[in-house]
Amino acid sequence: RCDLFVTHCWAEGIYEFVRKVLHSWPYNAHHAYCCMFSNPQNLDISGLIRSPRDSPFAHALRAAPCMLVVPNTTCSIYSRIWCAYEAFLAYSQNKMISTASLPVRRLWQNVLMAVMMTGLGFSLGASLTDDDGNFVGTAASTQRTASVAMCYLFLLSSSLVEPGLASRVLVYAGGLMAGWFLGSHVRENGAFHLWTGLVLGLGLCIGVAIGEADRLWRQQASLEAAQLLNGYTGCLRDAGCQEASDKEAILKELAESGFEKDVQDAIQVLLDSGMSTPTLRAATALAGRLQHAGYVNWSMFALVSLTWTFVPLETIRYLVEDEYLKMVARGVCSPDSLSELEDMCMRATSQFNATVQEWCSEMYSSRVEGCAPPLQRAAVWYALLGLLEGIAFALLLMALRQDRRAFAAAVQTRVLAVLGVLVFMVPMFVADVTCYDNFAAQVTTYFILFPVAFALAASGPARVSEIPIVGPRAVGGIMAAVAWRWRRAGAGTSSLTLAEKPPGQDGCP
């Protein structure tokens, strides 16, 4: 039994090899094949590999569902003909190909630094705002909304720039804003009053910590991609081999298969996306290159999920705590109180002008609506539906394979987040319509935007790209920010990729 095929080119140190393989080991794999542990290397193995198709490599790869590519600091493994042949076999047998990576150095220390920035922001927010949450004449609601918006903006910007000093500064700035929001909220409301604000503040701080981890993971992935590119010309025929007869036999089999160009494209998908699977290869063929489509931006997914959870929770809290329970406690929901208000409005109809009549009518309608049991109000059911939809999307993301998970997360962070801001935040700032009063936005989001986004995420990039005309553009647009964010050529390595090489160069088809 073979669950994992490990491909490498003998140019790495044993410690580098072991650390990468163990760190990237698939959770459901138990048995692996690696040539340096499986073949009798101290004997003459020329008879075993005389026919590439009948070699131990080929037999092991047929049994393994996935292949793990181990980059190294010396050269690209695809500058070696046997590694290129293993890529050919993996492609022709529709295997999942993934890239091994070293664990990030000082991951937890860097994440702790980001968390400390949220602590600094908390101290500033708690000390510089007054007991009403105001800051230098700015109302509490305004400055807290601004701090949340700036936190999102900083973390989003960090995910869109090349990992480095600039992205770290942006993460730290997001941490300051998250801490400021939490500190000013606690200063005004205490630690446990208005619990939804506390949930939002803590969620923002957690998002900052994940954002720093994301930044470091992106940086490590860029280094591994640069190692795979180092010395790779984009043409399998340029790969070297110690035995000329081995290269001749492999190139002959590649030429006879008719897959040589397809294998080169599959390797390019691996370089771009961090993995190469039938799903990603099919999507790339229709939608174009999808840079690092195998990696999930967990920080933005967490923040959008937080928002998707906060809006329904805040709606329910306001309608239950601030309206229904307070009205019941004041005794204004009793039949006598409602009857008295109705009588007053009827007298106002005959004695006062139209403005007073309208005010009285609105007051009575608001009283009746606020005194209705929460489960009889449509807004509460909309909010509960939103919570269930958020949970459903998170469960979907966890259930998807890794090669489809990044696309689903991108759908959430781009389609739902952008359109959600348009239907909720714009009316809030332009017309002062709160999220729990904006029924049009709730219906649009919960009954139109979410089902569309859920269907796109569940379908995956390959199926969506098959939709005539709009499919390839949709996949390319959803993943476009990822492509710009990840474009990087390692220092001292060639930035030439297969997509940029002139056709026919170096004898390639």
Side-chain angles (χ1 to χ4, degrees), residues 1-9 17 20-35 38 57-71 76-78 82-101 217 220-221 224-225 227-228 232 236 257 259 262-287 289-296 396-410 457-466 475 479 482 486 498:
R1 175 182 174 181
C2 181
D3 302 316
L4 178 68
F5 185 96
V6 181
T7 178
H8 72 119
C9 71
F17 175 86
K20 286 186 175 183
V21 171
L22 292 182
H23 179 68
S24 308
W25 190 276
Y27 73 93
N28 57 348
H30 300 285
H31 308 88
Y33 172 92
C34 181
C35 60
S38 304
F57 308 100
H59 286 291
L61 191 50
R62 290 191 194 100
C66 56
M67 182 168 78
L68 184 65
V69 176
V70 184
S76 171
I77 72 167
Y78 295 115
W82 275 104
C83 295
Y85 180 70
E86 289 163 0
F88 156 70
L89 292 178
Y91 169 81
S92 61
Q93 297 167 20
N94 285 329
K95 305 293 184 180
M96 174 178 287
I97 310 172
S98 57
T99 306
S101 173
W217 290 330
Q220 186 62 43
E224 303 296 345
Q227 290 177 8
L228 280 179
Y232 174 59
L236 298 182
S257 71
F259 287 152
D262 295 329
V263 175
Q264 290 169 166
D265 291 344
I267 293 175
Q268 187 64 58
V269 172
L270 178 68
L271 293 170
D272 289 340
S273 304
M275 60 169 47
S276 182
T277 68
T279 295
L280 291 179
R281 293 193 286 268
T284 300
L286 294 173
R289 294 171 61 186
L290 304 176
Q291 300 278 351
H292 277 235
Y295 294 91
V296 178
L396 171 67
L397 192 77
M398 296 299 104
L400 291 174
R401 296 195 310 269
Q402 187 177 354
D403 58 339
R404 296 172 58 186
R405 192 176 293 164
F407 177 76
S459 299
R463 290 185 178 179
V464 173
S465 62
E466 292 174 354
V475 173
M479 304 301 291
V482 177
W486 284 96
L498 181 60

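Just so it is clear, the model here is predicted, and its values are computed rather than measured. FYI, side chains are in, hydrogens and waters are out, and symmetry mates aren't considered; it's all heavy atoms of this structure.
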### Side-chain heavy-atom pair Cys2, His59 within 4.5 angstrom cut-off
no

### Task
Would you check if Leu271 and Tyr78 make a side-chain contact, meaning some heavy-atom pair closer than 4.5 Å?
no

### Query
Between the main-chain N or O of Ala458 and the side-chain N or O of Arg404, is there a donor-acceptor pair closer than 3.5 Å?
yes

### Message
Pairing donors with acceptors under 3.5 angstrom, does anything connect the side chains of Glu224 and Gln220?
### Response
yes

### Query
Are more than 12 heavy atoms from other residues, nucleotides or ligands located less than 6.0 Å from atom CD of Gln402?
no

#### Entry: Min side-chain heavy-atom separation Tyr85-Phe57 under 4.5 Å
no

Donor-acceptor pairs under 3.5 angstrom involving side-chain atoms of residues 25-32: please list them, not counting sequence neighbours.
residue, atom, partner, partner atom, Å
Trp25, NE1, Ala29, O, 2.8
His31, ND1, Asp3, OD2, 3.4

### Task
Check whether any side-chain heavy atom of Thr279 sits under 4.5 Å from a side-chain heavy atom of Phe407, and report yes or no.
no

### Task
For the residue pair Asp265 and Thr284, establish whether any side-chain heavy-atom pair is separated by less than 4.5 Å.
no

### Task
Please list, chain by chain and in numerical order, all residues satisfying side-chain contact (heavy atoms from CB on, under 4.5 Å) with Arg281, sequence neighbours excluded.
Tyr91, Asn94, Ile97, Ala266, Val269, Ser276, Pro278

### Task
Flag the pair Cys34 / Phe17 as yes when at least one side-chain heavy-atom distance between them is below 4.5 Å, and no otherwise.
yes

### Query
Just one of Leu236, Ile267, Ile77 clears the side chain to side chain contact (heavy atoms under 4.5 Å, CB included) bar with Cys83, so which one?
Ile77

#### Entry: Results of salt bridge (Lys or Arg N to Asp or Glu O under 4.0 Å) for Arg401 - residues two or more places apart only
Asp403

### Main-chain N/O of Ala87 paired with Lys95 side-chain donor or acceptor, under 3.5 Å
no

### Message
Looking only at the side chains, is there a donor atom on one of Glu86 and Thr7 sitting less than 3.5 Å from an acceptor on the other?
### Response
yes

